[in-house]
Amino acid sequence: MHVVTIGIADDDVLAASALEWFFQHEHAPIRVLWKVRSANDALALCQKTSTRPQVVLTDIRMQDMSGMALAKELHHSYPGIAVVGITAFTIDDIYEEALASGVSTILYKDCQLEDIVHAIGKAADDRNAMLWDGGSKAKTLLSDAELTVIREYAKGKTSLAIARSMSVSESTVKTYARRAYEKLNVHSRSEAVVECARLGVL
C-alpha cells in the first residue's frame with residue numbers, strides 16, 4: 001500500500017506514541033519515520049535523506065522551539081517538506097500566524113484520526129491519504145474472517161497455510177475469500193488485495 005512518510009515532533013511522548021499506534025492499528029496510509037520531543041531533533045533528522053519525511057506533524061507549542069518556528073526553518077531549508085500543526089490549545093488566536101509561518105493547517109489533538117490523515121494527505125498532495133475513509137467500507141462489508149483471509153493473501157500465504165493459522169479447513173478459507181470477492185465486487189485474489197489496499201485496511 002502506498003503511504004505518506006511523516007515525522008512527529010511533540011514533547012508529549014504519550015500523545016505521539018498514541019498517534020503512531022492509531023496509524024498502525026487502523027492501517028492508515030501513513031508511515032511514521034520517527035518521533036521526537038523537540039523541534040531541534042526534528043530539524044536534525046530532516047537533514048538526512050534517509051530520515052527526511054514528506055510531512056512533519058508538529059505540536060504548535062513545544063519548549064525548545066515552537067511548531068511555527070520549526071515550520072519556518074523547514075520551509076526555508078527543505079521546502080519539499082510540508083508541515084501540519086496539532087495543538088491542545090485554542091486555534092483561533094494563532095491560525096493566521098501559523099499559516100504565514102508555513103504550516104499547512106492546524107488540528108486539535110483530540111480530533112478524529114481521519115481528519116489528521118486527510119490533512120497529512122492534503123499537505124503531501126497524496127490522493128490516497130486525502131480520500132482515506134478508515135477502511136470503513138471494507139470493515140462494514142467484510143466479516144472479520146473474510147478480512148483476515150484477504151490480509152493473509154496479501155502477505156503471500158496460501159489458502160492451506162491460512163486455514164492452518166485460522167484452525168479451519170481449506171475449503172472454508174476459500175469460501176471466506178469468495179464471499180469477500182462478491183462483497184468487494186472483484187473477481188480474483190489479486191483484485192481483492194488491491195481493493196483492500198486502496199481502502200487502507202491491509
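Without hydrogens or angle criteria, Asp59 side chain to Met62 main chain gives no donor-acceptor distance under 3.5 Å. At least one donor-acceptor pair closer than 3.5 Å links the side chain of Arg52 to the backbone N or O of Cys46. Remark: the backbone N or O of Ile120 is not paired with any side-chain donor or acceptor of Asp126 at under 3.5 angstrom.
Rounded to the nearest 0.5 angstrom, Asp115 CG and Ile86 CD1 are separated by 13.0 Å. Distance check: Lys183 NZ to Leu147 CG gives 10.5 Å after rounding to the nearest 0.5 Å. The structure places CZ of Arg178 at 9.5 Å from OG of Ser171, a figure rounded to the nearest 0.5 Å. Atom CD of Glu146 and atom CG of Asp144 lie 9.5 Å apart (nearest 0.5 Å). Atom CD of Glu20 and atom CG of Leu33 lie 10.0 Å apart (nearest 0.5 Å). Between the CG atom of Leu14 and the CG atom of Leu19 there is a distance of 11.5 Å, given to the nearest 0.5 Å.
Of the charged side-chain nitrogens involved, at least one lies within less than 4.0 Å of a carboxylate oxygen, so that Glu152 and Lys155 count as a salt-bridged pair.
Remark: His75 NE2 is loosely packed, at most 12 non-hydrogen atoms of other residues, nucleotides or ligands lying under 6.0 Å away. Around atom CZ of Arg189, more than 12 heavy atoms belonging to other residues, nucleotides or ligands sit under 6.0 Å away. Summarising the local packing, CD of Glu191 is surrounded by more than 12 heavy atoms from other residues, nucleotides or ligands at distances under 6.0 Å.
Among all heavy-atom pairs drawn from Ile116 and Leu107, the shortest one is CA-CD1, 3.6 Å.
No hydrogens or angles considered: nothing links the side chains of Thr172 and Thr175 as a donor-acceptor pair under 3.5 Å. Counted by atom type alone, Thr90 and Asp93 present zero donor-acceptor pairs between their side chains at under 3.5 Å. For the 3.5 Å distance criterion, the side chains of Ser159 and Tyr153 qualify, holding a donor opposite an acceptor.
Only one option out of Lys35, Lys109, Arg37 pairs with Asp10 in a side chain to side chain donor-acceptor pair (under 3.5 Å); it is Lys109.
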